Amino acid sequence: MQLSELFHHELMILDLPTHEKSETLTYLANQFKEYGGVTNVQAFNDALENRESQSTTGVGDEIAIPHAQEASIKEPAIIFGRSQEGIEWDSFDGQPAKLIFMIAAPEGGSNEHLTALAKLSSVLMNPEVKAQLLTAKSTEEVLALIQSHDEPEAESNEEEAVITSTEEDDQPYLVAVTACPTGIAHTYMAEEKLKQAAENQHVTIKVETNGQTGVGNRLSKTDIEKADAVIVAADRKVEMTRFDGKQIIIVPVADGINKADQLIEKAINGQTKTFHAEQHEEVNDDDNENESLGRQIYKHLMNGVSHMLPFVVAGGLLIAVSFFWGINSADPTDPTYSEAAYMIKTLGDLSFAMMLPVLAGFIGRSIADTPGLVIGMMGGVFADPTKLSAFSQEGIFADATASGFLGALVAGFLAGGIVWLLKRAFAWLPKSLEGMKPIFIYPVLGVLIMGLVMMLVINKPLGSVTVALTEFLAGIPTEWNIVLGFVAAAMMSIDMGGPINKAAYVTGTALVTQAAGDGSNVMAAVMIGGMVPPLAIALSATINKNLWPKAQRNSALINYVMGAAFITEGAIPFAATNPLKVIPSLAIGSGVAGALSMLFGSVSYVPHGGVFAMLAGGVSHPMMYALAWIIGGVVGAILLNILVREKK
């Protein structure tokens, strides 16, 4: 596929009317929808926003390349937008973006277009191309410029790099690996920048790309052995054990784009570290040697929670659907018994049964990769041994206690610690026996240690804590339930996606999992608390169209959908404009909704879904719950119109 085939005159906007990043993403995505390129524009826009949350797509030099894959995209395309004033994009170099290339890729489709997208990344590194794009007077000029770069490249870069290094033995020879979270744009831009920097400093370099199409220009064993140093510019896991003993520089992919010259200088001047594979088997997302312990714990925890949520949602909704035949219709002894209800509830229960193993497993995997996954998942199983028939017999484990959600959390982090200990305990093994560690030593001994520790040390005390917490919440008088609902819901609005928000959310999720299908009123309050801020923003803009700056008005109305889908982050751009007035307004609105949810007796069987969960039976008393949501949104909107100064 040629690069120019991805550009269309109808998808080129040479004078963008937008002034803010989120607004621009929405505008360009809607242009793509009007063109007929995507059917679910909201899902595409959400995917774009999610990519931005991982790391900015502002690559510097006044260029941004937002990109995402989405199942409803009909065919790959590039939506081009140009801003005369520039749009703040949190770019690596701090410059606003004037040239925006939005990449739309179909999920699971052909990968031919990714090769062309890699070419785009390389083309944009040419200063002349950028200058011509900034001054082009028509879409025809833009397309002609792109077509001029459609010629196929001369043969493989790999062969060129090897020949150069053999002809000039005194010339430094470097190898590099580039990788970004999605493997579409930044991967190839870092590759091009490193090549340019190496050429400027008369250095031979071979760059391996870990992109969406797989590994490109793979480094051979000979390449690595000959290399004077290795540069790894990556924000995702890459194969690292092959660099054992080499001099190495490990940086985010952004540095590969923005600091390529400095990286080459450091590599050839010996400003490197010796890499030991045993200590750093892989480069992880957000790997940062200066990262605080709290941040690392938070990252590992969220990795487990994010992987667990689909199991909770699936299980909770299936159980809720089984209530269609009657609240006890899945009970064979009940007069309302239905085989359909029994089957659906059983499937939901099985999905619920996977929650704790997945939670602990992916916390363990985040810390210690595959060995941590295996040991962690078994730790999650051991966190609720009462579900295992093996423990119903007499013996040392006959009175086994379930530690539940809290036990699974501990098991996840314990898995990382067990792998760490086992690696050091068996570091003396010769390299010929290295293959035994991940498939025999770590899983067998790890699961044994995990089982003994969970059953003999962890389960009873944490099980007591879980039971005490559940009994405490169950014993709270109704009037205090209302206060609890207010506080839990308000916490969701204070830092929207931050630690306070996540503390409330994780607590609600823990109570849902502990309820094992019975639902949680705290989870209902937490979810509605996260649904109110976007609704309040949208209502405030509807009540007073001049309340928010012109650049934010369209995105304010989109928050109707964001609120319905329980995407609290839709309110963040508005809170950032005037946090001292906006956040209290939203927190009070959320608190009112949470208190009403408690008053109406709503419980949530799932930890996510918003209105869609309500429609599927995932929340009890859905009509009253919806009323609580609307009232909370109205309260927040009124407070915003009172407290926030109008902007003409």
Side-chain angles (χ1 to χ4, degrees), residues 305 308-309 311-331 334 336 341 344-345 348-349 351-353 355 404-405 466-492 504-532 564-566 568 590-632:
V305 171
M308 182 197 72
L309 284 181
F311 293 89
V312 184
V313 172
L317 286 180
L318 286 173
I319 290 171
V321 169
S322 74
F323 296 157
F324 175 78
W325 288 270
I327 195 67
N328 297 314
S329 57
D331 183 357
D334 193 89
T336 62
I344 293 173
K345 185 176 185 300
D349 288 340
S351 181
F352 257 110
M355 293 184 301
F405 190 87
T466 301
V467 171
L469 176 62
T470 304
E471 291 178 349
F472 170 74
L473 292 173
I476 294 177
T478 304
E479 56 270 23
W480 286 104
N481 263 346
I482 295 173
V483 175
L484 175 62
F486 185 97
V487 173
M491 288 174 68
M492 293 294 291
Y505 185 69
V506 169
T507 301
T509 304
L511 293 171
V512 157
T513 59
Q514 189 65 27
D518 292 333
S520 166
N521 55 1
V522 175
M523 185 68 247
V526 165
M527 182 158 70
I528 205 169
M531 295 168 64
V532 164
F566 183 25
T568 315
S590 291
V592 168
L596 289 173
S597 171
M598 285 284 191
L599 180 64
F600 297 152
S602 294
V603 300
S604 178
Y605 305 102
V606 292
H608 213 289
V611 169
F612 308 102
M614 293 158 55
L615 295 175
V619 181
S620 66
H621 308 302
M623 296 302 294
M624 300 306 292
Y625 193 70
L627 178 62
W629 175 48
I630 293 170
I631 292 174

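Keep in mind that this is a model prediction, so the values were computed, not measured. The first residue in the sequence is number 1, and the count goes up from there.
Minimum heavy-atom separation, Ala593 to Gly632: CB-CA, 4.0 Å. In terms of heavy atoms, Asn521 sits closest to Val603 at N-CG1, 3.8 Å. Contact between Tyr625 and Met527 at its shortest, heavy atoms only, is OH-CB, 3.7 Å. The nearest pair of heavy atoms linking Ala525 to Ala489 is O-CB, 3.4 Å. When all heavy atoms of Ser602 and Ser620 are compared, the closest pair comes out as OG-O, 3.3 Å. When all heavy atoms are compared, the tightest approach of Ala341 to Ala330 is O-CB, 3.9 Å.
Residues Met492 and Val532 fail the side-chain proximity criterion, which asks for heavy atoms closer than 4.5 Å. Taking 4.5 Å as the limit, every side-chain heavy atom of Ser597 sits out of range of all side-chain heavy atoms of Trp629.
Taking NZ of Lys345 as the reference point, atom CG of Asp331 lies at 9.0 Å (rounded to 0.5 Å). Atom CE of residue Met624 and atom CD1 of residue Ile631 lie 7.5 Å apart, to the nearest 0.5 angstrom. With rounding to the nearest 0.5 angstrom, the CG atom of Leu596 is 11.5 Å from the CD1 atom of Ile630.
The side chain to side chain donor-acceptor pair (under 3.5 Å) search around Ser604 returns none, not counting sequence neighbours. Qualifying side chain to side chain contact (heavy atoms under 4.5 Å, CB included) partners for Ala626, counting only residues two or more places apart in sequence or in other chains: Met614.
Side chain of Tyr505 to main chain of Gly530: no donor-acceptor pair is present (N/O by atom type, distance under 3.5 Å, no hydrogens or angles).
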